[in-house]
Every structure is written in C-alpha cells, then in structure tokens.
Amino acid sequence: MPDRASNSPKHFHFSGICGTAMGSVAAAMKQQGFVVTGSDAGVYPPMSTFLEEQGIEIREGFAEENIPAEADVVVIGNALSRGNPEVEAVLERKLLYQSLPEVLKNHFLRGRRNLVVTGTHGKTTTVSMLAWILESAGRNPSFMIGGIPRNLGKGARFTESEFTVIEGDEYDTAFFDKRSKFHHYLPEAVVVNNVEFDHADIYDSLDAIKLTFRRMLNLVPRNGCAFVNGDEENALEVAADCPAPVKTVGLGESCDLRITGISATSDHTDFLLNAEEYSVPMHGEFNIRNAAMAVCMARFAGLSADEVREGLADFAGIARRQELRGEAGGVRVIDDFAHHPTAIAQAIDAIRLRYPTDGKLWAVFEPRSNTTQRKVFQDELPAALAKADGVFLAPVANPEKVPEKDRLSTDAVLDAIRSKGKTAEFARGGVAEIVDMLVQQVAEGDVVSVFSNGGFDNVHQRLLDALEQR
C-alpha cells in the first residue's frame, strides 16, 4: 500500500489520463488518499465519465499550465512524446516524472503475489475473469486492467490482499523507457495467451516481439509458473528456455492442461479442463481459451475448483468486448475493441454464436491502431472482415502519421472483400456517412458490430438514434 511518510509523494498529475490503464490507476490512487489531477487531448466516454464520477479534475488538452505547481510526480502516459507541451515542461522544470508501470512497481507491486496476463489477444478478458474469480472467492485482489469489467465496475483497485492481477502489455513503457510494460510487473505467475505481430510502430518484426516475451518470462521466479498456449508455435517458442516451471494449456493432446468437451448454448459455454467441469457466459473458442487460462491461474493461487467454477459462471463480461450497446428498429448494435485481424475474425465468429439471427451481420471497421493504419495487415484485414455479411470501412485515422507508401490501402481492402462476394462500402465522409448508409441498408433482425480501439465519434449511439427515427 502507499507509503504515508511525510517525504513520500502525495500529489500525482497524470498526463494522458484518459487512457484506459492511466485513468483506472489514477482513480484507484485517489481512492487510496493521493491527490490526483490529470490532462488529456482525447476525452470521451466511458473513461471521461468514470473519472468525473471519481471526482478527478481533468484539463482538456496539453499545456504547461496544466501541471500543478504542487505536483510531486508527473505520470507520463506512453502515448506522449517529445514536443508535447507537458513533456517539455517536465523536462525544463526538472520535475520528477515516472511511467505508469514505474508507479505501479514502486507503490503497489513489491512484496505481492503478482499474477500477470500477457499475449497479443485476450489479455483484458482473461485478466478480468481472473480478478473476478478471486474477488468472488473473497480474496479481495488488487487489479489493473485495460478495460472496465462489469462485475468490478472499474479497471484498477489496490487493496491489502496478497494478490495483484495485472494485464501485461508488450507495448513500450514510455518515450524515455522502451522496455515493454510487462517487464516492470514483478510476476509470480504469467499467462502467455498467444504471440503474434502487432504494434508496427515500435516493433519491426515478429522476432522482436518474441524477444520481449522471452525477456519477460526470464523474470518469473522458480517458485512461480508460466501458463502458455500449448497450441501455438510462437508461444511455445518464447517459453522454451523459461527458467520457471512451464505448463502448456490448450486443445491439443500434448498439452499439460487440456481443454475438452466444449458445448455452447445461447447464453453460455461449457468445457472441461483436465476433466474438471466449468461454464462461462461467453462464446467462441478464443473465449474458452481465455477462461481456461484464468482457471489455471486461479488454481495456482490456491483456489478450489468449486470457488473457480462459481466465479467463472458469474462473469459478466467487459465494456467494449462484444458489448450490446442497444437495439433500435429490430437491429442490434454491438461495440467491440478488436482491431487486430485475428481478434476481429474471432469476435465475428463469437457474435454469430451469441446473437443467432436469420438477418445479416454487418461489420463497421475504423483503421485506427498504429498497426492497422499501415499495410502490415493488408491481406489479413479483408480476410477477417469478410467473415461478416457486409462491411463498412472508415478512412484511415490520422493518415498523416504514416507515409503514403506504408499506409493501408482502403481500396485494396474493399476490392478483396468484394472479391469474396460480400458487400463492402467505403465511408469517405466518416461516421455521418456510415450512419446514413447503414440506415438505408440494414433490416430488422440484422446485427451491426463496430470494431475500433477508439471512440469512433460515438458511431454506436448515432446509429441507434438514426434507426429509432427511420
């Protein structure tokens, strides 16, 4: 818990506070008695609403005067770089500054049993399941999650519990620290869900990503454990020389902990893990894999199978993961954070299972992440999106950040989808045009799933409003 000594820092200013992890940790620190202020240029729900409810003052935009004179520490988000007015002010004024992972390590993680969930996909879902399982079993865990689990109502909390559950991100820590965030988290046990290429803005190859995962696994102590996807070659490769015990988890016969007996109904999926029965109110093979990893970590933490079973069955999901935002005119509108082709494809499969219909499933996609802005997934994106019956594609967000020769070709994406016999529309005019086109084409019984890792100009509610008036 925070040190209350007179010389310990008391006032933290978060520059870039509306990032999911930054905002969640800021709120948790305020609840622990710290003075917390923040600023950001991208202020939108749900994080802006959440911070306002916590009584945290947020200053819109970045400016030197945003940093209070009495601030002891400025926490600099990893989206900020040189040239940002607050970054320049911190350096010129010789202020104490830290990254978010440093704040966590220095104030909350030392001496704890830290359970870290990593991987290209499924981190938020898996860590949310694990945190809720521990919570429902009365362990009162601390947690830091890059999303808002519905059971928990917040993305971060720090308690007196011996357990801390952390979403371990491979993205770099800050402009002044290029190590992956998960290198700071003092893990006792780790999940490696999967390892794929992503974050093309900071990694130049899959090998570079594999290296950072190897370095993370090298930090797991001998009395800990690494639970690794036993069905994925990349995950097995990075864990090959792990000095800690390794347990493989998956569907394959060679896995140490094997998933079998998967059976889905309209509202949940049953499965066996080494012959123990579990049920989760989610759909899709990837969510069963996530659930199995959460089970493994909870059992490692000492929970009984019955405790794990009860918590998993009551898991209520996460905001922006296959979240039903509403229904209007007989059309369901879904919000999903997926932006990597693998995650998009898996989400579409899961949505079909969760919302079976005789109507069409439409995918609306915004190429917004640092990787999907680029040509890295030029072939993979249309293959994933074409799993839907029709696609509406927004322009590449912030195209000026990527040289044209390296930028995703939206024309090529559309052509590839159409070549598969699917409808594909480009909304050059952005969200307003997407809403107009959707209102003209969708019918009662259809499902619209919006995929973006940003606010996407509130397209979900704007579509629902337009459908109500149709």
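Numbers here simply count residues along the sequence, with the first being 1. No experiment lies behind these values; they were computed from the predicted model shown.
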Audit row: Tyr185, Asp169, side chain to side chain donor-acceptor pair (under 3.5 Å) steps and yes/no: CA-CA 10 Å; Tyr185 293 158; Asp169 189 355; over 6 Å; no
Full working for side-chain contact (heavy atoms from CB on, under 4.5 Å) between Leu408 and Thr372: CA-CA 7 Å; Leu408 179 75; Thr372 55; 5.5 Å; no
Asp349/Lys387 under salt bridge (charged side-chain N to carboxylate O under 4.0 Å, His left out): CA gap, chis, key distance, verdict: CA-CA 8 Å; Asp349 287 342; Lys387 282 179 159 285; 3.2 Å; yes
Residues Glu170, Arg215; criterion salt bridge (charged side-chain N to carboxylate O under 4.0 Å, His left out); working and verdict: CA-CA 11 Å; Glu170 70 272 24; Arg215 288 172 172 168; over 6 Å; no
Asn151/Phe315 under side-chain contact (heavy atoms from CB on, under 4.5 Å): CA gap, chis, key distance, verdict: CA-CA 7 Å; Asn151 296 90; Phe315 181 63; 3.6 Å; yes
Check against side-chain contact (heavy atoms from CB on, under 4.5 Å), Ile351 and Leu361: CA-CA 9 Å; Ile351 289 166; Leu361 171 58; 4.0 Å; yes
CA sep, side-chain torsions, deciding dist, call: Leu80, Phe62, side-chain contact (heavy atoms from CB on, under 4.5 Å): CA-CA 10 Å; Leu80 276 60; Phe62 293 111; 3.9 Å; yes
Pair Lys375-Asp406, salt bridge (charged side-chain N to carboxylate O under 4.0 Å, His left out): steps then yes or no: CA-CA 6 Å; Lys375 287 184 176 180; Asp406 299 325; over 6 Å; no
CA sep, side-chain torsions, deciding dist, call: His107, Phe12, ring pair (Phe, Tyr, Trp, His ring centres under 6.0 Å): CA-CA 12 Å; His107 294 277; Phe12 286 73; 5.4 Å; yes
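Salt-bridge formation is not detected for the pair Asp172/Arg179: no Lys NZ or Arg NE/NH1/NH2 atom is positioned less than 4.0 Å from an Asp or Glu carboxylate oxygen. Using a 4.0 Å cut-off between charged side-chain N and carboxylate O, Arg325 and Asp335 make a salt bridge. Using a 4.0 Å cut-off between a side-chain N of Lys or Arg and a carboxylate O of Asp or Glu, Glu237 and Lys210 qualify as a salt bridge.
Within the 4.5 Å cutoff, side-chain heavy atoms of Gln322 are placed close to those of Asn287. The side-chain heavy atoms of Val73 and Phe34, taken from C-beta on, include no pair separated by under 4.5 Å. Counting heavy atoms from C-beta on, the side chains of Val103 and Lys105 never come closer than 4.5 Å. By the 4.5 Å heavy-atom criterion applied to side chains, Phe143 and Thr164 are not counted as neighbours.
The aromatic rings of His339 and Phe337 lie perpendicular to each other, with more than 60° between the two planes, well past the 30° mark.
Although no hydrogens or angles enter the test, the distance criterion places no donor-acceptor pair under 3.5 Å between the side chain of Gln469 and the main chain of Ala466. Using a distance-only test at 3.5 Å, with no hydrogens or angles considered, a donor-acceptor pair links the side chain of Thr159 to the main chain of Asn140. Between the side chain of Arg407 and the main chain of Val396, no donor-acceptor pair closer than 3.5 Å is present. Side-chain atoms of Arg332 do not come within 3.5 Å of backbone N or O of Leu324 as any donor-acceptor pair. Judged purely by atom type and a 3.5 angstrom limit, Glu86 uses its side chain to pair as donor or acceptor with the backbone of Ala63. Remark: the backbone N or O of Thr212 is not paired with any side-chain donor or acceptor of Ser180 at under 3.5 angstrom. Judged purely by atom type and a 3.5 angstrom limit, Glu232 uses its side chain to pair as donor or acceptor with the backbone of Val195. Although no hydrogens or angles enter the test, the distance criterion places a donor-acceptor pair under 3.5 Å between the side chain of Lys123 and the main chain of Gly119.
Taking all atoms of both residues into account, the shortest heavy-atom contact from Gly61 to Ser39 is O-CB, 3.7 Å. For Thr371 against His199, the heavy-atom pair with the smallest separation is OG1-N, 2.8 Å. Contact record, Met47 with Cys18: CG-O, 3.5 Å, taken as the closest heavy-atom pair. Pairing each heavy atom of Ala235 with each of Val228, the nearest pair is O-CG1, 3.5 Å. Scanning all heavy atoms of the two residues, the minimum distance from Ala200 to Arg374 falls at CB-CD, 3.9 Å. The shortest non-hydrogen separation linking Ala294 to Leu130 is O-CD1, 3.7 Å.
In this view, Glu88 and Arg82 satisfy the side chain to side chain donor-acceptor pair (under 3.5 Å) rule, not counting sequence neighbours. Legend: residues meeting ring-ring contact (aromatic ring centres under 6.0 Å, His included) with His460, ordered by chain and number and at least two apart, are absent. With sequence neighbours excluded, no residue forms a salt bridge (charged side-chain N to carboxylate O under 4.0 Å, His left out) with Arg428. Take Asp231 and apply the side chain to side chain donor-acceptor pair (under 3.5 Å) test, not counting sequence neighbours, and it matches Arg289. By the salt bridge (charged side-chain N to carboxylate O under 4.0 Å, His left out) test, Glu425 is found to be paired with no residue, residues two or more places apart in sequence or in another chain being considered.
Of the residues listed (Lys30, Lys154, Gln31), the one engaging Gln54 in a side chain to side chain donor-acceptor pair (under 3.5 Å) is Gln31, and it is the only one. Partner of Asn193 under the side chain to side chain donor-acceptor pair (under 3.5 Å) criterion, chosen from Asn229, Thr120, Thr126: Thr126.
For Phe176 and Tyr97, the distance between ring centers is under 6.0 angstrom. Taking the six-membered ring for Trp and the full ring otherwise, Phe182 and His184 have centroids separated by 6.0 Å or more. In this structure, Phe377 has its ring center under 6.0 Å from that of His340.
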Pairs under 3.5 angstrom only: tabulate donor-acceptor contacts from the side chains of residues 445-457 to other protein residues two or more places apart or in another chain.
from   : atom 1 : to     : atom 2 : distance (Å)
Asp446 : OD1    : Lys360 : N      : 2.8
Asp446 : OD2    : Trp362 : NE1    : 3.0
Asp446 : OD2    : Ala443 : N      : 2.9
Ser452 : OG     : Glu366 : OE1    : 2.5
Ser452 : OG     : Gly454 : N      : 3.0
Asn453 : OD1    : Arg368 : NH1    : 3.4
Asp457 : OD2    : Arg462 : NH1    : 2.7

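Dense packing is recorded around CZ of Arg93, with more than 12 heavy atoms of other residues, nucleotides or ligands lying under 6.0 Å away. For Glu70, the CD atom is densely surrounded, since the number of other residues' heavy atoms within 6.0 Å is greater than 12. Around atom CD of Glu404, no more than 12 heavy atoms belonging to other residues, nucleotides or ligands sit under 6.0 Å away. Atom CD of Glu310 has 12 or fewer heavy atoms from other residues, nucleotides or ligands within 6.0 Å.
Rounding to the nearest 0.5 Å gives a distance of 11.0 Å between CD1 of Ile17 and OG of Ser48. Interatomic distance, OG of Ser128 versus CZ of Arg321, reported as 7.5 Å (0.5 Å rounding).
Counted by atom type alone, Asn234 and Glu196 present zero donor-acceptor pairs between their side chains at under 3.5 Å.
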